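What you see is a predicted model, and the numbers here were worked out from it, not measured in a lab.
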Amino acid sequence: MKLFSIYLLPYVLALFLLSPSFASAAPDSDLTDLPLESLMELMVTSVSKKSQPITNAAAAVFVISQEDIRRSGVTTIADALRMAPGVQVAKIDSNKWAITSRGFNGRFANKLLVLMDGRSLYTPYFMGVYWEIQDTVLDDIDRIEVIRGPGAALWGANAVNGVINIITKSAENTKGTLLTAGGGSYEKAFASARVGTTLGEKVNIRLYAKHNQRDSFELESGTSSNDKWHTTRGGFRLDAQPNVRDTITLQGDYYDGRLDETYKLYDHPASSNPPYERDVNHKTAVNGGNILSRWQRTLSDTNSLSLQLYFDHSENNMLVSPQTFNTVDLDFQQRFSLGTQQEIVWGLGYRYNKYELINTPTLVFDTTNVTNDIYSAFLHDEISLIPSKLSLIIGSRFEQNDYSGFSVQPNGRLLWIVTPRDSLWGSVSRAVRSSTKSEQDVNYNYRTLLVPIFPNQPPTPLKLEINGNQNFKSEELLAYEIGYRTEVMSRLSIDVALYYNVYKNLRVITPGTLTFEGNPLYAVQPYILSNDMHGRAIGVELAADWTPLDWWRLQAAYSYQKLKMQLDGASEDEINKGNAEGDTPRHQLSVRSGFDMGRQVTLDFWLRGTDRLASIDENTIAGYVTMDARLAWKPVKNLELSIVGQNLFHNRHPEFIPEYINTQPSEVVRSAYGKVTWKY
C-alpha cells in the first residue's frame with residue numbers, strides 16, 4: 001500500500017499543478033534562472049580544451065547542469081548520465097554499472113574515456129571505469145560535459161566513442177555550509193557535509209565528507225540479492241589567485257567502501273568433482289585516494305599556459321582478481337593566437353601506471369607487477385576561414401605506449417555559423433583503443449562443463465580458458481559525423497547529430513587446439529584473444545529543450561543506433577559478435593518535465609525507456625519504460641525538503657548481464673527516499 005501511494009502521488013500532484021491557482025503562482029519560478037536565449041551560449045571546455053560557447057563546438061556535446069542533477073533526484077554520477085543522448089547506462093546489480101557511448105557496452109566498456117577535473121577515471125589494465133567508486137558531493141558538481149564520438153585527437157587513446165568530463169565548482173563558488181541527509185527503501189541512509197570558507201585574500205577552500213548506505217536489489221524470483229553496499233569519502237579543494245595572472249588549484253579525495261557480490265566460479269577438473277560450478281558470496285573492499293595540483297597563467301585574452309600533476313591510488317580486493325593501481329600524470333598545455341585568424345592549442349603529457357595483481361584460480365597473469373609509461377603530444381589548430389562564419393579545425397594526438405606502441409589520432413572538423421541561432425558542423429576522426437598487458441598475458445579459467453566427447457562414454461570434463469595474445473593490437477575507429485544546432489524560437493532549441501563509424505581490429509576470441517590432460521582424463525579448450533572482427537555503426541542523436549510556459553520546462557533526448565559486425569580469419573566467436581551488435585539498445589528515449597508550482601514548490605517527472613538488448617552472452621534483456629518523480633519544497637530560504645520516487649512503473653526490471661567476470665546480475669527495484677538539504 002505504501003509503494004502504491006508513492007506510485008500515484010506524482011499523478012495526483014500533476015492534476016493540481018494544471019489548475020489556475022498553481023499556474024498563477026509562477027513568479028517564484030527558478031526555471032528561468034538561465035534565460036532561454038542563453039541555452040545556445042552554454043560554455044563548454046572539453047571539445048577544444050578551451051572555454052567556448054556550445055554553438056561554436058564542432059562536436060556532439062551535451063551538458064548536464066547542476067540544476068539538471070538536482071532536479072532529477074539522482075544520487076550517483078552514473079545515473080545522471082542517463083540524461084544525455086547517445087549514452088547507454090544500465091545497472092548490472094546494486095553496485096555495478098555498464099556505461100558507454102555509441103555502443104560496445106559492458107562493465108568494463110573500453111571505448112569511453114571519463115575524467116573528473118582533468119583526472120582520468122579510466123583504468124587501462126582492466127579497460128574501463130569502476131563506477132561504484134566515482135563520487136563526490138553532487139551539489140558541488142558544476143556540470144558534466146558529454147562528448148559523443150571520438151575525442152582522441154585531444155584526450156588520447158581510449159577516447160574512442162566518447163568523453164565524459166565531470167567538472168566541479170571552484171572553492172570560491174562553494175562558500176558556506178551545506179548539509180544533506182535522508183534515506184528510504186533502497187537508499188537506506190545517506191548524509192553529506194561541505195564547508196567552504198576564505199583563508200585569505202583570494203584564497204578559498206572547501207572540505208567535504210559523505211556517506212551512502214544502499215540496499216540490495218532483487219533476483220528474478222523476487223528474493224533479495226547479495227549486492228548491498230556502502231561507501232564513505234572525504235576531500236578538499238583549494239583555489240588561490242596570488243596575482244591577476246595566476247590561478248592555483250589543489251584538491252584531493254579519499255574513499256573507503258564495502259560491496260557485497262556473488263560470483264559464479266568454476267573449479268578445475270583436476271582438483272574437484274562435478275558439478276564444477278558454485279556460487280560464492282564475497283565482501284569486496286575498495287579504497288583509494290588522489291591528489292591533484294594545477295597552475296594556470298593567463299598572458300592575454302588569447303594566450304595562456306597550464307600545468308597539471310596528479311597522483312591516483314586505488315585498491316580493490318575483487319574475489320577473482322585483487323588489484324592495486326597507482327598512476328602519476330603530468331600534463332602541460334598552451335593556447336595562443338597565430339595572427340588574427342588562427343588559434344592554436346598544444347600540449348605534452350606523461351603518465352606512469354603501476355599495477356599490482358594477485359593471481360587466483362580464476363584469473364592468472366604471467367606478470368603480476370606491471371608498469372607502463374605513456375608519452376603524448378597533441379596539436380589543435382582552429383583556422384577562421386570566414387571570420388565569425390566558417391572555421392576549419394585540424395589536429396592530432398601522438399602517443400607512445402609501452403604495450404600498444406606508437407599511435408597517431410588525427411581529426412578534421414568544419415564549423416559553419418549559419419546565423420546567430422544556427423550552426424552546422426562535420427568531422428572525420430581516427431581513434432584507437434590501446435591494447436594492454438592484460439590482453440597479452442592473461443589466462444582466464446572461464447568455465448568447466450561436462451560434455452559428451454567420446455562415443456559410448458560418460459561425459460568428459462571440458463575446461464574452457466581464454467588466453468592472452470602477445471601480438472594483440474589496438475582496436476581502431478574511423479568516424480564520420482555531422483551535426484546541427486538551432487534555436488527555433490526563443491524558448492526552443494534543438495541539437496541533432498548523425499554518425500557513421502567504421503571499426504577494425506576488434507577483440508574477439510579464436511579457438512586453439514583441443515588437448516587432453518590428467519588422470520582421470522579431462523579436456524582443455526583454449527581460446528586466444530585476437531583482433532579478428534570488424535564492423536560499422538550508424539546512429540542519430542537528438543536533444544531538445546523547450547520552455548512552453550515560464551513555469552514549465554521540457555527536455556527530451558532520443559538515440560537510435562545500429563551496429564553490424566563481421567568476423568575475420570579463423571574466429572568463430574559468435575557470442576562476442578552478438579554482444580557487440582546487441583549490448584546497447586537500438587532505441588532510447590528520455591523526457592524530463594519540470595514544473596515550478598509557486599510557493600517555493602517544484603515538481604519534476606523523468607520518463608525514460610530503452611529498447612531490448614538483443615544479445616548479451618546469448619541472452620536477451622527486455623526493453624523497459626519507467627519514470628522517476630521528485631517533489632521539493634522550500635519552507636524557508638535555506639532549507640529544502642524533497643521526496644523522490646524512482647523506477648515507478650515496475651516492481652523491478654533487469655538492465656544488463658555482466659560479460660567475462662561472472663558476477664550475479666540482479667534487477668533494479670522500485671524505490672523512494674526523502675531528503676533534507678540545508679544551506680547557510
Side-chain donor-acceptor pair under 3.5 Å between S671 and S185, yes or no? no
Test your reading of the model: is there a side-chain donor-acceptor pair from D583 to the backbone of N105, 3.5 Å cut-off? yes
With sequence neighbours left out, write down each residue that passes side-chain hydrogen bond (donor to acceptor under 3.5 Å, both in side chains) with D215, or none if nothing qualifies. none
Checking side-chain polar atoms at under 3.5 Å, does R670 have a donor or acceptor matched by the opposite partner on N651? yes
Aromatic plane relationship, H653 with H650 - under 30° parallel, 30 to 60° tilted, over 60° perpendicular: perpendicular
Closest heavy-atom contact between L292 and R294? CD2-NH2, 3.6 Å
Between S427 and E481, do the side chains contain a donor N or O and an acceptor N or O under 3.5 Å apart? yes
Is there a side chain to side chain donor-acceptor pair (under 3.5 Å) between S192 and T180? Walk through the geometry before answering. CA-CA 5 Å; S192 63; T180 65; 2.4 Å; yes
All heavy atoms of V129 vs all of Y122, minimum pair found to be CG2-CA, 4.0 Å
Could you pull out all residues at least two apart from E541 that satisfy side-chain hydrogen bond (donor to acceptor under 3.5 Å, both in side chains)? R102, R148
From S666 atom OG to F217 atom CZ, the distance as rounded to the nearest 0.5 Å: 6.0 Å
Using modelled atom types only, decide if a donor and an acceptor are shared between the side chain of Q134 and the backbone of E132 within a distance under 3.5 Å. no
Give, for atom OH of Y255 and atom CD1 of I133, the distance between the pair rounded to the nearest 0.5 Å. 3.0 Å
For residues A171 and R206, report the shortest heavy-atom separation together with the two atoms involved. N-NH1, 3.8 Å
Minimum heavy-atom distance between S48 and L154, given as atom pair plus value: CA-CD1, 3.6 Å
Is there a donor-acceptor pair under 3.5 Å between the side chain of R592 and the backbone N or O of M83? no
Describe, in one word, how the ring planes of W97 and W229 are oriented to each other, choosing from parallel (under 30°), tilted (30 to 60°) and perpendicular (over 60°). perpendicular
When rounded to the nearest 0.5 Å, the distance separating CH2 of W546 from CH2 of W552 is 6.0 Å
Distance alone, cut at 3.5 Å: any donor-acceptor contact between the side chains of T174 and R194? no
Heavy-atom closest pair (V74 atom, L138 atom, distance to 0.1 Å) is O-CD1, 3.5 Å
What distance do I69 atom CD1 and I77 atom CD1 have between them, rounded to the nearest 0.5 Å? 7.5 Å
Pair T602-D596, side-chain donor/acceptor within less than 3.5 Å: no
Can you tell me how far apart OG1 (T197) and CD1 (I205) are? Round to the nearest 0.5 Å. 9.0 Å
Regarding Q88 and T584, do their side chains bring together a donor and an acceptor under 3.5 Å, going by distance alone? no
Looking only at heavy atoms, which two atoms of R421 and S490 are closest? And how far apart? NH1-N, 3.8 Å
Are the side chains of W155 and S120 in contact, using a 4.5 Å heavy-atom criterion? no
Using modelled atom types only, decide if a donor and an acceptor are shared between the side chain of D545 and the backbone of S493 within a distance under 3.5 Å. no
Are K675 and E187 ion-paired here, with the side-chain N under 4.0 Å from a carboxylate O? no
Which residues pass the ring-ring contact (aromatic ring centres under 6.0 Å, His included) test with Y499, not counting sequence neighbours? none
If the plane angle is over 60° it's perpendicular, under 30° parallel, otherwise tilted; pick one for H211 and H230. tilted
Counting distance only, does the side-chain N/O of E343 pair as donor-acceptor with the main-chain N or O of H380 below 3.5 Å? no
Got a sec: does the NZ of K228 have more than 12 other heavy atoms crowding it under 6.0 Å? no
Residues passing the side-chain hydrogen bond (donor to acceptor under 3.5 Å, both in side chains) test with D495, sequence neighbours excluded, are R485
For residues 635-644, please give each side-chain donor-acceptor pair under 3.5 Å, one per line with the distance, not counting sequence neighbours.
from	atom 1	to	atom 2	distance (Å)
E640	OE1	R630	NH2	2.9
E640	OE2	R70	NH1	2.9

Near K389 NZ, under 6.0 Å, is it more than 12 heavy atoms from other residues, nucleotides or ligands? yes
Mind checking ring-ring contact (aromatic ring centres under 6.0 Å, His included) for F190 and listing every partner two or more places apart, or none if nothing turns up? Y673
